[in-house]
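In what follows, a structure is listed as structure tokens, so that the remarks can point back to it.
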Amino acid sequence: MAISESLSAELAQEAKATRKMLERVPAASMDWQPHAKSMTLRKLTGHLTDINAWVKDIVTKDRLAIEMGNYKAFSPGSVAELLAKFDGNLVGATAVLKGVPDAIFMRPWTFAVDGHEVFTLPKIVAIRTMVLSHAYHHRGQLSVFLRLLNVPLPSVYGPTADEQ
């Protein structure tokens, strides 16, 4: 199996679990945050939704430089908008991966913020770190937010206390 096919399959599989979590976000609680240092539910879900869009930047560019003053994060106005953006970003990521030769994934990719290089990694490692692992981390965060809001949690890798 080609690397692009493997990544596409993993994105699709994990997106099912992430989407189930996003579907349960209570619209009335979008501006809620569990702690003053935590993101709001709106910011967390917007960030989680944006992550799959980064696949395009990693595959098609050798460097991504972000100026934080110019960065505009997605801020969903509704759960429907959140889900539509999530679905669109997944379709976009899958389309970008289609047919990419394995050798492309071995090329170095650099991420810089405000003029400072954060890291240079092979593109495959950047996708695994910046997209896949990053999404799993924030999906876990979302599960805690939902639990604190007394929202029943969906199954991810097996049954939850709410779904047997």
Side-chain angles (χ1 to χ4, degrees), residues 1-23 25 33-35 37-76 82-147 153-158 160:
M1 175 182 281
I3 292 172
S4 62
E5 293 169 344
S6 174
L7 289 172
S8 292
E10 187 171 351
L11 280 170
Q13 181 63 35
E14 293 298 328
K16 291 176 193 173
T18 301
R19 194 177 200 290
K20 285 193 293 186
M21 291 268 187
L22 292 172
E23 288 170 349
V25 170
Q33 62 190 113
H35 187 275
K37 292 182 180 179
S38 299
M39 289 187 265
T40 63
L41 186 57
R42 182 182 318 277
K43 186 171 182 177
L44 174 61
T45 58
H47 182 60
L48 182 54
T49 296
D50 271 344
I51 292 172
N52 283 340
W54 302 345
V55 170
K56 181 178 179 183
D57 288 324
I58 297 170
V59 171
T60 64
K61 300 175 183 176
D62 291 329
R63 178 181 179 82
L64 178 63
I66 294 175
E67 297 298 326
M68 290 307 292
N70 298 328
Y71 179 72
K72 177 98 167 93
F74 172 57
S75 181
L82 177 70
L83 294 171
K85 180 82 166 187
F86 179 80
D87 293 343
N89 285 344
L90 177 63
V91 168
T94 303
V96 165
L97 288 170
K98 193 162 188 78
V100 175
D102 285 358
I104 297 293
F105 294 106
M106 300 307 134
R107 291 184 183 166
W109 184 77
T110 300
F111 181 59
V113 176
D114 293 331
H116 301 285
E117 185 176 310
V118 177
F119 61 76
T120 297
L121 298 168
K123 291 181 182 221
I124 183 65
V125 178
I127 290 172
R128 291 229 171 264
T129 303
M130 291 290 293
V131 177
L132 297 169
S133 295
H134 195 154
Y136 308 149
H137 162 73
H138 287 302
R139 185 176 67 203
Q141 228 180 343
L142 177 57
S143 74
V144 172
F145 279 39
L146 294 177
R147 174 63 75 213
L153 297 179
S155 170
V156 173
Y157 299 118
T160 67

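The residues of the chain are indexed from 1 along the displayed sequence. This structure is a prediction, so every number in the text was calculated from the model and none was measured.
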Keeping the roles fixed (side chain from [X], backbone from [Y]), state whether a donor-acceptor pair exists under 3.5 Å.
X	Y	answer
D102	I3	yes
K20	S155	yes
S38	P34	no
R63	A112	no
Q33	H35	yes
N89	I51	no
T160	L153	yes

Compare every heavy atom of [Y] with every heavy atom of [X], then report the nearest pair and how far apart it is.
X	Y	value
L90	A12	CD1-N, 4.4 Å
T60	K56	OG1-O, 2.6 Å
L82	G46	CD1-N, 4.2 Å
L41	F145	CD1-CD2, 3.8 Å
V96	V100	O-CG2, 3.2 Å

(Q) Parallel, tilted or perpendicular, judged at 30° and 60°: which one describes the rings of F119 and F111? (A) tilted
How long is the span from the [atom1] atom in [X] to the [atom2] atom in [Y], to the nearest 0.5 Å?
X	Y	atom1	atom2	value
H138	S143	NE2	OG	12.5 Å
T45	L146	OG1	CG	9.5 Å
S8	K98	OG	NZ	7.5 Å
W109	D57	CH2	CG	7.0 Å
T49	L22	OG1	CG	5.0 Å

Considering only distance and modelled atom types, tabulate donor-acceptor pairs under 3.5 Å from the side chains of residues 121-131, sequence neighbours left out.
| from | atom 1 | to | atom 2 | distance (Å) |
| --- | --- | --- | --- | --- |
| K123 | NZ | I58 | O | 3.0 |
| K123 | NZ | V59 | O | 3.1 |
| K123 | NZ | K61 | O | 2.7 |
| K123 | NZ | D62 | OD1 | 3.3 |
| R128 | NH1 | E10 | OE1 | 2.6 |
| T129 | OG1 | V125 | O | 2.9 |

**Q.** Pair R42-S75, side-chain contact (heavy atoms from CB on, under 4.5 Å): steps then yes or no
**A.** CA-CA 6 Å; R42 182 182 318 277; S75 181; 3.1 Å; yes
Q: Start with the C-alpha gap between L48 and L142, add the side-chain angles, then the distance that decides, and say whether side-chain contact (heavy atoms from CB on, under 4.5 Å) holds.
A: CA-CA 9 Å; L48 182 54; L142 177 57; 4.0 Å; yes
Q | Check: N52 and F86 side chains under 4.5 Å, non-hydrogen atoms | A |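 Yes, at least one pair of side-chain atoms sits under 4.5 Å.
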Q. So, do V156 and M21 sit near enough that their side-chain heavy atoms are less than 4.5 Å apart?
A.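 With C-beta onward as the side chain, the pair touches.
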Q.
Under the rule for salt bridge (Lys or Arg N to Asp or Glu O under 4.0 Å), what residues qualify as partners of E5, not counting sequence neighbours?
A. none
Q: Start with the C-alpha distance between D87 and R19, add both sets of side-chain angles, then the distance that settles side-chain contact (heavy atoms from CB on, under 4.5 Å), and finish with yes or no.
A: CA-CA 8 Å; D87 293 343; R19 194 177 200 290; 2.8 Å; yes
Q: Show your working on side-chain contact (heavy atoms from CB on, under 4.5 Å) between K85 and D50 and close with a plain yes or no.
A: CA-CA 8 Å; K85 180 82 166 187; D50 271 344; 4.0 Å; yes
